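See below for the structure under consideration.
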Amino acid sequence: MSDRPITIGAMSGAPATRRDRPYIWATWLAALLAGPKCGWQLWFRANHVLRTKQPDDPDAPMWRARHEELVDALDAEVLSTGVVTERELELKITFEDGVAIKGSADLVATHGDSGAIDIYEVKGGWPQESDRFQLWMYMWMMAETLDPDEVWDIGGWVVRKDERERYDDIPPDFAASVERGIATLSGPTALERVPGSHCRFCPITKVDCPVRQD
């Protein structure tokens, strides 16, 4: 059987299958730490592979194109300063119990002469509380995956069309919050379902969530 999800909006299709081990995207964990509208969907996706998914929002191609344009412009700007950049840099951490967390940073600039790394999280839509948490996730994951014998100054930016927010450090208690969040999303207890208007942005169909609001 193919692992590709079935895209369908009606209450039909194949139900999700349980993962052998939880698999957490950094965006899900960032949403949890920021205060999710529905924690259940984050827990469910971390512990299940969706076999049936909602169709993409009709505006999704527009938002993806806008995001790509912003990244293109930012990359050209940073490159013009002589700094080495890498786009869509994959970051992944697998823990001893097999739980994995994965993310993809929009743009990473390495300043070899000063020992600094800047991570850029580009947003083309409306500002969300989770935006800065997502950036902090990538900053934390970068620090965790670098050679511990090397010293790097890791900072970051949340970039929008007409605004940039600089973050020199992650909050002092962020690592502990991440650990609690991973334990929550990988744990056996489902979080509370909270249906509402935000369901339109959730890929989980009524096959797996009968209380979903369309």
Side-chain angles (χ1 to χ4, degrees), residues 1-61 63-64 67-68 87-106 121 123 125 128 130-131 133-138 140-142 144-145 177-214:
M1 180 182 294
S2 171
D3 290 333
R4 298 184 65 182
I6 302 168
T7 301
I8 189 169
M11 192 171 178
S12 61
T17 56
R18 185 84 182 192
R19 297 183 189 273
D20 293 333
R21 288 182 174 82
Y23 194 90
I24 303 170
W25 280 95
T27 50
W28 303 344
L29 190 49
L32 179 73
L33 298 181
K37 294 180 175 65
C38 178
W40 177 84
Q41 69 106 342
L42 302 173
W43 174 88
F44 189 82
R45 294 172 73 187
N47 289 277
H48 298 80
V49 177
L50 298 184
R51 303 289 302 155
T52 307
K53 293 182 69 175
Q54 283 290 119
D56 280 345
D57 186 286
D59 292 333
W63 291 116
R64 283 194 290 267
H67 176 269
E68 197 67 17
R87 295 172 63 155
E88 297 297 331
L89 178 64
E90 180 179 303
L91 299 167
K92 184 177 180 180
I93 299 174
T94 303
F95 300 94
E96 292 182 358
D97 59 0
V99 175
I101 178 170
K102 182 178 179 180
S104 179
D106 286 329
E121 180 56 28
K123 296 297 181 183
Q128 303 287 332
S130 60
D131 293 347
F133 284 87
Q134 188 176 344
L135 174 64
W136 289 337
M137 279 299 309
Y138 296 150
W140 174 78
M141 293 176 74
M142 178 68 74
E144 290 293 308
T145 54
S177 297
V178 169
E179 291 181 8
R180 291 192 295 270
I182 292 172
T184 297
L185 291 185
S186 63
T189 304
L191 300 180
E192 181 183 2
R193 296 183 203 239
V194 186
S197 59
H198 49 269
C199 290
R200 65 171 291 211
F201 302 108
C202 179
I204 303 174
T205 71
K206 288 186 176 180
V207 173
D208 296 309
C209 182
V211 302
R212 171 192 175 93
Q213 292 186 10
D214 290 326

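Residue indices begin at 1 and follow the sequence shown. Because the structure is a prediction, the values reported are computed rather than measured.
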Shortest non-hydrogen contact from Gly125 toward Trp63: CA-CZ3, 3.6 Å

4.5 Å side-chain heavy-atom contact, Gln134 and Lys123: yes

Side-chain heavy-atom pair Val207, Arg51 within 4.5 angstrom cut-off: no

From OG1 (Thr52) to CD1 (Ile204), nearest 0.5 Å: 11.5 Å

Nearest-0.5 Å distance that lies between atom CH2 in Trp25 and atom CG in Leu42: 14.5 Å

Heavy-atom side-chain contact between Glu144 and Leu91 under 4.5 Å: no

side-chain hydrogen bond (donor to acceptor under 3.5 Å, both in side chains) contacts in which one or both residues fall within residues 177-201, not counting sequence neighbours: Asp57-Arg200, Ser177-Arg180

Heavy-atom donor-acceptor pair, Asp208 side chain to Thr205 backbone, under 3.5 Å: no

Separation of Asp106 CG from His67 NE2 (nearest 0.5 Å): 3.5 Å

Pairwise side-chain contact, Arg19 with Asn47, heavy-atom cut-off 4.5 Å (strictly under): no

Atom pair CE/CE of Met137 and Met142 - distance to nearest 0.5 Å: 12.5 Å

Please list every donor-acceptor pair under 3.5 Å in which a side-chain atom of residues 28-41 meets a protein atom from a residue at least two apart or in another chain.
none

Met141 vs Ile93, side-chain contact (heavy atoms from CB on, under 4.5 Å): CA-CA, chis, key distance, verdict: CA-CA 7 Å; Met141 293 176 74; Ile93 299 174; 4.1 Å; yes

Would you tabulate the side-chain donor-acceptor contacts of residues 97-104 under 3.5 Å, counting partners in other chains and residues two or more places apart, or write 'none'?
from   : atom 1 : to    : atom 2 : distance (Å)
Asp97  : OD1    : Val99 : N      : 3.1
Ser104 : OG     : Glu88 : OE1    : 2.8

Side-chain donor/acceptor of Arg212 to backbone N/O of Cys202, under 3.5 Å: yes

Gap separating the CH2 atom of Trp136 from the CG atom of Asp131, nearest 0.5 angstrom: 11.0 Å

Inter-residue atom distance Leu185.CG - Leu191.CG, 0.5 Å rounding: 6.5 Å

